[in-house]
J.: 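Sending over a structure as structure tokens; questions will come in a sec.
Given the structure is predicted, the values throughout are model-derived calculations rather than measurements. Below, chains carry the letters A, B, ... as their sequence lines are ordered, and counting in each starts from 1.
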Amino acid sequence: MRSSQLLIPTLREAPTDAEVASHILLVRGGFIRRLTTGAYTWLPLGLRVLKRIEAIVREELVIAGAQEVLMPVVQPAELWRESGRWDTMGPEMLRFTDRHEREYCLSPTQEEVVTDLFRRVVTSYRQLPCNFYHIQTKFRDEIRPRFGLMRAREFLMKDGYSFHLDDASFEAAYSAMHDCYSAILRRLALDFRAVEADPGAMGDGDSHEFHVLAGSGEDVIAFSPASDYAANLEKAEAPVLADDHPVEPLATVPTRGMKTIAEVSEHLRLPASRCVKTLIVHADSDGEGPSLAALVVRGDHELSEAKAVRLQGIRRPLTFATDAEIKSAIGASPGSLGPVGLSLPIIADGTAAAMTSFVCGANEDDRHHVGVNWERNVGNVRVADIREALPDDMAADGSGPLEFRRGIEVGHIFKLGDKYTRSMGVSVQDRDGRSVTPIMGCYGFGVSRAVAAVVEQCHDERGIVWPESIAPFTTHIVALTGKRSTAVEAAAARLYEELTAAGVDVLLDDRDERPGVKFADADLIGIPHRVTVGERGLKNGIVEYARRDGTESRELALDEAVAHLARARNAPAAGIL
RNA sequence: CGGGGCGUAGCGCAGUCUGGUAGCGCAUCACACUGGGGGUGUGGUGGUCGCAGGUUCAAAUCCUGCCGUCCCGACCA
């Protein structure tokens, strides 16, 4: 392609609405433009990258034994009512009605539709196992879209679903998909971790996320450098920390105006780790009035909402009781709460429950207890892991202390069990003619988010540094054509023709621009191999070659340039190329 | 949903407090010079100042409502 024939609207300055590197550079480089909140148009350069990632995803999925289909974006409400998710999905699913008042949603995911497809088409164990995927536009009405492509409302996702008669077959597919996603991310040249994750609204089984490590990531992953253990912070098990503090006598002290652990611990000259905090949340309602429960964690620990919401008896989604509800149920305000004498179900984090003597609110405004002992002063308490793990906590596999890194979730694989096949009445006949409910796996990969993730990891102060596998072009010929330099023009054109004929994807900058502009744009766009053709070199029969990543810079004799450059190839991309 | 910021030419911004003929840089168009890291000069194009209503002789500027957009927060006692 010649630059003169391609719309590449580069920007010298970053638009004010862009914050993170990927958003800024993709807009400045002319890859994407925003249409509305969380929705982007793919310009020619951006689309080439997107298609290349798609191509890699397809190649790896073929190896993993998946088959491609394409399912609709518009989905009927009835299917979602069958699975029970029409009511539980919440406002992130965009719903609308057609002219006949029939209800629909815009696909946020595809379990219902694929399960419906399966039950209509597959009837015998002979057709199992099977694994369908498609690459399709998804829409999720995110509460706060941000960071450009990283958290968009409309995005491109590869989602796949496998169906199995038994666990062994399922485990094989799950493991194949685990390998497949690792292979894809390696081909995208990304530094990533596969981590244990919380499946959230998708199911109740295990799940694994694939995180690209980047400081701008929205998730925190906890991992052990000493082993393979890695988990999303939402999921990472927090160890029980032992307490060898002597048991103390109970006392009640005035704490006028003190509402926070920090204030109370400073006043009492005790560390926050000798206090507990008591959070009041809504429990599953038993009909009459608000039903509440108390969650207790050590004062220097944070409640993990993701863990708390999975507790039996806690209302989903997790909601905290209002000040008024607390006042009326307990008779005290937030800031003076504690487990002593509390007539609510109490769930204590393991570490809090292991404390021998602690400080807590007295359930009476402006008063706290000190020297509280669970057995002596509280009694019946449920114990569960409900705190967030911290750096230096022992990893769940016992291999060593945890470290934290931020990550961008680009892939997530789930064990769905029979959640959908059962609720939607799917069965196939087994070898003996009996009806069996198949089990499912589900495998998502954010194609458009992966574009952002690559840029987050691969850029410098001048622009993007695309990995060869997905760069919009392999080689960038920068022709330093002054107006009178027809020799440069001719040499660059010949090089372009020969490389293209040799199968290299070449972008020829044939614009009538000054060298500085061309170099700056080339750095911004980030094509891996650059060849500069100028009068200076031509006089000596050479062109200049440089890699965008800075690892190589040298002169090439004009007559060996094609042979040298033809070695660099990237992945073929279907459709547009 | 709550709080805050912003909305003036394609992009980045000034002007708003204190009402009086709409500006700057970049981009863009023409011409000339220049030609190895965003060059220079001259002359142009381009804006119902987010929308609607109000106050006023007069509104980008003051008031009201709405819309858009970005950031923070959404109960961690």
J.: Just to be sure I understand the rule, does A:Glu513 reach a base, reach only the sugar-phosphate, or reach nothing, if contact means heavy atoms closer than 4.0 Å?
T.: base
J.: Please state the C1' separation for the pair B:G35 and B:U69 - nearest whole angstrom.
T.: 42 Å
J.: When rounded to the nearest 0.5 angstrom, what is the spacing between CG in A:Asp510 and CD1 in A:Ile477?
T.: 10.0 Å
J.: From C-beta outward on A:Arg34, which listed nucleotide comes closest to its side chain: B:G37, B:U69, B:A77?
T.: B:U69
J.: Roughly how many Å apart are B:U16 and B:G5, using the C1' atom of each and rounding to a whole number?
T.: 16 Å
J.: Has A:Thr16 got a side-chain N or O lying under 4.0 Å from the OP1 or OP2 atom of B:C13?
T.: yes
J.: Is there a side-chain polar atom (N or O) of A:Arg146 under 4.0 Å from OP1 or OP2 of B:C71?
T.: no
J.: For a quick test of reading the model, state the closest non-hydrogen atom pair linking A:Ala389 to A:Phe404 and the distance between them.
T.: O-CZ, 3.2 Å
J.: Which base sits across from B:U28 as a Watson-Crick or G-U pair, both distances under 3.5 Å?
T.: B:G44
J.: For B:G23 and B:G47, measure between their P atoms and round to the nearest Å.
T.: 13 Å
J.: Rounded to the nearest Å, what distance is computed from the CZ atom of residue A:Arg144 to the P atom of nucleotide B:C71?
T.: 6 Å
J.: Please report the distance, rounded to the nearest Å, between NZ in A:Lys277 and C1' in B:C75.
T.: 13 Å
J.: Does B:C6 pair with anything, Watson-Crick or G-U wobble, both distances under 3.5 Å, and if so, with which nucleotide?
T.: B:G68
J.: May I have the distance from A:His23 (atom NE2) to B:C11 (atom P), rounded to whole angstrom?
T.: 13 Å
J.: Out of B:G35, B:G25, B:A77, which nucleotide sits closest to the side chain of A:Ile326?
T.: B:A77
J.: Just checking A:Gly361: base, sugar-phosphate only, or nothing, at a heavy-atom cut-off of under 4.0 Å?
T.: nothing
J.: Between P on B:G2 and CZ on A:Phe320, what's the gap in Å once rounded to a whole number?
T.: 21 Å
J.: Now, which nucleotide makes the Watson-Crick or G-U wobble pair with B:G53, with each of the two distances under 3.5 Å?
T.: B:C63
J.: Any salt bridge between A:Arg298 and A:Asp349, counting N to O under 4.0 Å?
T.: no
J.: To the nearest Å, how far apart are A:Asp366 CG and B:A77 C1'?
T.: 13 Å
J.: What integer number of Å spans the P atoms of B:U61 and B:C6?
T.: 15 Å
J.: Taking the P atom in each of B:G19 and B:C26, what is the distance between them to the nearest angstrom?
T.: 33 Å
J.: Applying ring pair (Phe, Tyr, Trp, His ring centres under 6.0 Å), name anything that partners A:Phe358, two or more places apart in sequence or on another chain.
T.: A:Trp374
J.: What's the gap between B:G3 and B:C11 when it is taken at their C1' atoms, as a whole Å value?
T.: 30 Å
J.: Find the distance A:Tyr40:OH to B:U69:P and express it as a whole number of Å.
T.: 11 Å
J.: Using the C1' atom on both, measure B:G39 against B:A27 and round to a whole Å.
T.: 15 Å
J.: For A:Glu103 and A:Thr97, does a side-chain donor sit closer than 3.5 Å to a side-chain acceptor?
T.: no
J.: In Watson-Crick or G-U wobble terms, both distances under 3.5 Å, what is the partner of B:A58?
T.: none
J.: Which nucleotide, in any strand shown, forms a Watson-Crick or G-U wobble pair with B:U21, with both distances under 3.5 Å?
T.: none
J.: When you measure from the side-chain N and O atoms of A:Thr278 to the phosphate of B:A77, is any distance below 4.0 Å, counting only OP1 and OP2?
T.: no
J.: If you check every side-chain atom of A:Arg462, which of B:C70, B:G12, B:G37 has the closest atom?
T.: B:G37
J.: Whether A:Arg28 and A:Glu13 form a salt bridge (side-chain N of Lys/Arg under 4.0 Å from carboxylate O of Asp/Glu) is what I want to check.
T.: no
J.: With both distances kept under 3.5 Å, what pairs with B:C33, Watson-Crick or G-U wobble?
T.: B:G39
J.: Please confirm whether the shortest side-chain N or O distance from A:Thr36 to OP1 or OP2 of B:U69 is below 4.0 Å.
T.: yes
J.: Could you tell me whether A:Ser336 contacts a base, only the sugar-phosphate backbone, or nothing, with contacts defined as non-hydrogen atoms closer than 4.0 Å?
T.: nothing
J.: Provide, to the nearest angstrom, the distance between the CD atom belonging to A:Glu19 and the C1' atom belonging to B:U69.
T.: 13 Å
J.: So what does A:Ile143 touch, heavy atoms closer than 4.0 Å: a base, only the sugar-phosphate, or nothing?
T.: base
J.: Quick one: look up who B:G73 pairs with, Watson-Crick or G-U, both distances under 3.5 Å, and put none if it's unpaired.
T.: B:C1
J.: Check whether A:Phe473 forms a cation-pi arrangement with A:Arg48 (NZ or CZ under 6.0 Å from the six-membered ring centre, at most 45° off the ring normal).
T.: yes
J.: How is A:Arg530 classified with respect to the nucleic acid when contacts are heavy atoms under 4.0 Å: base, sugar-phosphate, or nothing?
T.: base
J.: Show the distances under 3.5 angstrom between N or O atoms of the protein and N or O atoms of nucleotides 38-41 of chain B.
T.:
residue, atom, partner, partner atom, Å
B:G38, O2', A:Arg12, NH1, 2.7
B:G38, O2', A:Arg12, NH2, 2.8
B:G38, O6, A:Arg28, NH2, 3.3
B:G38, N2, A:Asp521, OD1, 3.3
B:G39, N9, A:Arg514, NE, 3.3
B:G39, N7, A:Arg514, NE, 3.0
B:G39, N7, A:Arg514, NH1, 3.4

J.: Counting heavy atoms not belonging to A:Met394, are there more than 12 under 6.0 Å from its CE?
T.: yes
J.: Quick one: A:Arg33 CZ to B:G10 C1', roughly how many Å, whole number?
T.: 8 Å
J.: Salt-bridge test for A:Arg462 and A:Asp521: reply yes if a basic N is under 4.0 Å from a carboxylate O, no otherwise.
T.: no
J.: Could you say whether A:Gly537 or A:Val281 is positioned toward the 5' end of RNA chain B, judged by the nucleotide with the nearest heavy atom to each?
T.: A:Gly537
J.: Going by atom types alone, do A:Thr481 and A:Glu489 pair a side-chain donor with an acceptor below 3.5 Å?
T.: no
J.: Please state the C1' separation for the pair B:C62 and B:U18 - nearest whole angstrom.
T.: 11 Å
